[in-house]
Amino acid sequence: MRLIRLGYLLEVYSIKPGCSCGGMLVLVLVEEVVALVLLAAVTVLAGLLVEVDVGSPHIKFVEEYLSAYKIPQAIKLCDGTWSVFIIEVIDRYSGAHNHHFLLEFIKRVGAHYATDRRPLEFILDLLDINVPKLFALPEKTDKGYVVAVEVQGNLSTFVQEYIHLNALTSDLLQRMNKIMSSISLQLDDFQQLIVTVLQKEVIPELRVLQSGERSAQEVLSTASTKLQKDLSWTKALNLQQKFCWGIVATCCQKTSTSITTDSCDWDQSCDYIVTKLSQIYSSYCNGKKLPESAWVLTNTLPQDIVSLHSDDVCMFFEWVRKLQTVLSDWHKQIFDKDWNYDDILLYASKQAKLIQIGHLVDPKAVIIDPEEIKELMNDYLQLFEKVNAHFIKYIPSNRDAKYSKLPQILYQYGVLFPPNFTKHLILPGEKASPIGKQLLVNPLSPCTTGLFQPPGQNISLQATKGLTMTELTLLTEQLDQFVKPLLDHMDMLVFFSLHQCEIFNNYLHLQLKKECTVEQPLPLHPSVRPSISFSTLRALPKQEGPKEEGVSLQILARALNTTRKFLAKLIQGTAKYSEIIAEGGMLTLESINIEAEFNTLATFFATGELAPQVSSNEGLKAICSMLELFQYTSFHIPAIHGVCQQYNLEGCLNDPSLKAVVRLAEEVERSRANLTPLEAVGKMQCVKNSLYHKKPGSYSSLGLFPAVANSAAFFQFVRDMRFDDEKGQVAFGQQYQLITAQLQHEEYNENVLNHLYAAYKFILPFMDSKQNFNTLMSKVTSLDVSGGLKQLETVNSNINLIRLWFSRAEVRAVKHNVC
């Protein structure tokens, strides 16, 4: 029958048996036989392949025929007609190395499917082709083995590219369960190739699985369920199980890099995958009735798994071994307290899930009481609160006012703060450096027990990821030990770091100098505080390794103790001036604001054993009076007397009041060392009575005297122009108006004129040489001289210009009167 069909077709196509068909055949088809072309071609080609040798011209004919074949519109590659044809081909000439032309034809058919908008149907039809041995590999010793491997690789590449080019991943994914169910236990080589591509390319990327897409989860769920229910795979793998293991291995590969001991954050991204994969291992161990101790995998995989010779199964068991190691490390880190706060919170939020996963792969893994996690969290926060209390210093009764930082406080007095204490911390006002300062994600509460209350909004330390429980515990212990010498004086250090007090700073620095000189003399370095004009010593601490200069905390503690005693004597009023000079001689008392200084001291001592003395304020008043007296006797009174002498104010110089106050000042200066605070109170009252004539006077008005002393040129100008009496004041006012009118719109000149008017008011009280001292002081104290120094300075520096203005104005005034 085959020969009859063959002879008929040869006659139709003018093909004679044995002829060479090396070139392309020109097929002349009549309309009536078009419908029979496919069947005829199959039969002809099948007949031509009888007794074909390698390189037979008939094989070339088949290849050329398929190349020229016009593919029908609705071709179905899995139809029986094509299966018969392909089977005939491979029966007569098997081996993938001889099927190049079939692969090219399949590619053409795939393109036709795509043109017909049926690319998904093409992939499904490939799975349904029942052609055993299509693209099968010959024996490795066969000379065509290498070419056959290449053909299989080309087929896989084509299918992969076809899926991606036509965006079939999602569509195939939705049909994956159906595909898995339809996989025969007797897949031929060709179908296995297609299935291999599907399991590696269609299994969605990890991000699809993360999104919780239902179809994606169902694929993994189906594969996991099949492998759990049927454990026959432990002995041998059927084709359906191989496909399931392909899915499992793909998921293992895609999640392996996410599972690390650095953090348990991985379970947020691939929790579903880990759970499903872990269930397979749990079923395996339960099915083999392994004791709990045997669940943990060793470096060598179980023999039954190795004997399967399946890379996919081995990959899964390697994945389980890694997961067991990670879970074990987490368990160890918890009990070693080697987690930072982010890790603890993350574990606390995920512990139920992690424990569930742990039971699936190792019943003994990650078993921890949730209360222990809660306790660990509280311990961490309490330690962090202690560190905040060490670093950030404030006055508890006034938290919202100001705060300081311990390293800055200590540096003011030459103490070097250990840099390793801040390697995992960011202090308020600082920024994290780009290297090694990655901050914790979760904010840490600095106040857990009430030991530390943030001094203002957001005033707290920040921690980096390197601040593990171990590091935090060590840091707390080191800080406790470090500040121990200063505990009794920390209140004083903090208070005076937040309240500027020159008496405290100067006396403390002086004591540091004495202490350091006794222990080990070292060069001085400039103080970081601009208000202090002398240097502080930095002693050499005794420690191993590289040595750095710095004052030890023991020295600072001794200096603070001495300073506290001295300040107490000031509060009690028992410190004489000779003691102040002997102890704090580098402080120029006359140049400081006595009232502000002692108000600061009174605030510090307002509580404690000195509270009664502070409340009565007698000691402070006496000390203030003594120091205020010295300001008058050494500065103000000499300045007043000097101005009277400079401008020959005879009435004042002969006034008994001025003479008495000058004598008092000279007496005080001679006997200053023996002066007591109570004596100073009486003498200060005498001075004020003499200067202010028993009326409250303005302390700032005394600053006018040094300014007038430096205004000799202006004083002489007023005298020369005869502006020094009542008539002269009128003349000054008239000429001033003329000059102002002429110089208007000239910014510099207007500024000088404005200052001139005020300066004239300031110099006028000193023009009457006959007035007595009380009259002069009444005039001076009635003036607002807050800007006097600057205004007189401007006039003195422009006196020649002012003389020129008034000379011209005087000439014009004379001409006006003549006319």
Side-chain angles (χ1 to χ4, degrees), residues 337 339-342 344-345 374-413 415-432 437 439-440 442-499 551-554 556-557 560-561 564 603-604 606-608:
K337 297 186 176 181
W339 277 16
N340 63 34
Y341 191 65
D342 282 351
I344 296 173
L345 283 187
K374 185 177 180 180
E375 183 180 349
L376 179 62
M377 188 186 308
N378 289 334
D379 290 345
Y380 192 102
L381 291 176
Q382 289 178 19
L383 290 174
F384 185 69
E385 182 181 32
K386 288 187 67 175
V387 173
N388 271 273
H390 277 307
F391 271 93
I392 300 175
K393 298 300 182 181
Y394 58 92
I395 300 173
S397 60
N398 192 15
R399 289 187 296 111
D400 295 333
K402 291 185 294 183
Y403 73 95
S404 188
K405 292 173 278 191
L406 183 61
Q408 294 178 346
I409 295 174
L410 296 180
Y411 182 73
Q412 295 179 60
Y413 306 108
V415 178
L416 297 181
F417 196 80
N420 61 302
F421 284 5
T422 57
K423 65 180 179 179
H424 298 306
L425 298 172
I426 306 297
L427 274 62
E430 296 180 358
K431 293 183 178 180
K437 290 286 188 178
L439 296 178
L440 291 174
N442 295 284
L444 286 167
S445 172
C447 46
T448 302
T449 66
L451 173 66
F452 174 78
Q453 295 293 332
Q457 189 176 7
N458 299 326
I459 303 302
S460 171
L461 298 173
Q462 291 179 287
T464 68
K465 291 185 178 296
L467 190 64
T468 62
M469 190 65 178
T470 302
E471 289 286 339
L472 182 56
T473 303
L474 177 62
L475 175 60
T476 306
E477 293 172 353
Q478 290 175 333
L479 281 169
D480 288 343
Q481 189 65 27
F482 177 73
V483 302
K484 189 175 182 180
L486 298 178
L487 290 181
D488 293 338
H489 307 291
M490 188 62 74
D491 62 329
M492 187 164 61
L493 266 180
V494 174
F495 180 88
F496 287 107
S497 71
L498 300 176
H499 297 82
V551 173
S552 70
L553 290 180
Q554 289 73 18
L556 178 58
L560 285 168
N561 185 55
R564 184 186 289 268
T603 303
F604 175 68
T607 59

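Everything quoted here is computed from the prediction, not taken from an experiment.
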Which atom of [X] lies closest to which atom of [Y], heavy atoms considered:
{"X": "Leu479", "Y": "His390", "value": "CB-CD2, 3.6 Å"}
{"X": "Tyr380", "Y": "Ile344", "value": "CD1-CD1, 4.0 Å"}
{"X": "Pro428", "Y": "Lys405", "value": "O-NZ, 2.8 Å"}
{"X": "Leu461", "Y": "Ile392", "value": "N-CD1, 3.9 Å"}

To the nearest 0.5 Å, tell me how far [X] [atom1] sits from [Y] [atom2].
{"X": "Tyr413", "Y": "Ser497", "atom1": "OH", "atom2": "OG", "value": "7.0 Å"}
{"X": "Asp491", "Y": "Lys393", "atom1": "CG", "atom2": "NZ", "value": "10.5 Å"}
{"X": "Met490", "Y": "Lys484", "atom1": "CE", "atom2": "NZ", "value": "14.0 Å"}
{"X": "Arg564", "Y": "His489", "atom1": "CZ", "atom2": "NE2", "value": "6.0 Å"}
{"X": "Leu553", "Y": "Leu486", "atom1": "CG", "atom2": "CG", "value": "5.0 Å"}
{"X": "Asp488", "Y": "Asn561", "atom1": "CG", "atom2": "CG", "value": "8.5 Å"}

field: Exceeds 12 heavy-atom contacts within 6.0 angstrom, atom CD of Glu375
entry: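 No - once you tally the heavy atoms of other residues, nucleotides and ligands closer than 6.0 Å, there are 12 at most.
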- request: If the plane angle is over 60° it's perpendicular, under 30° parallel, otherwise tilted; pick one for Phe391 and Phe417.
  value: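 Ring orientation, 0 to 90° scale: perpendicular.
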Parallel, tilted or perpendicular: rings of Phe421 and Phe482 (30°, 60°): perpendicular
query: Side chain of Thr468, backbone of Glu471: donor and acceptor closer than 3.5 Å?
result: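 Side chain of Thr468 to backbone of Glu471: a pair is present.
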message: Could you check whether any side-chain N or O of Asn340 sits under 3.5 Å from a backbone N or O of Lys465, counting only pairs where one atom can act as donor and the other as acceptor?
response: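 Side chain of Asn340 to backbone of Lys465: a pair is present.
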message: Against Gln462, only a single residue in Leu427, Ile426, Leu467 fulfils side chain to side chain contact (heavy atoms under 4.5 Å, CB included); can you say which?
response: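 Of all the options given, the one that passes is Ile426.
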- prompt: Are Leu474 and Thr470 close enough that some pair of their side-chain heavy atoms sits under 4.5 Å apart?
  reply: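 Leu474 vs Thr470: side chains apart.
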- request: Taking the side chain as every heavy atom from C-beta outward, state whether His424 and Leu475 have any pair of such atoms under 4.5 Å apart.
  value: no
query: What's the verdict on side chain to side chain contact (heavy atoms under 4.5 Å, CB included) for Asp480 and Thr476, showing C-alpha distance, side-chain angles and the deciding distance?
result: CA-CA 6 Å; Asp480 288 343; Thr476 306; 4.0 Å; yes
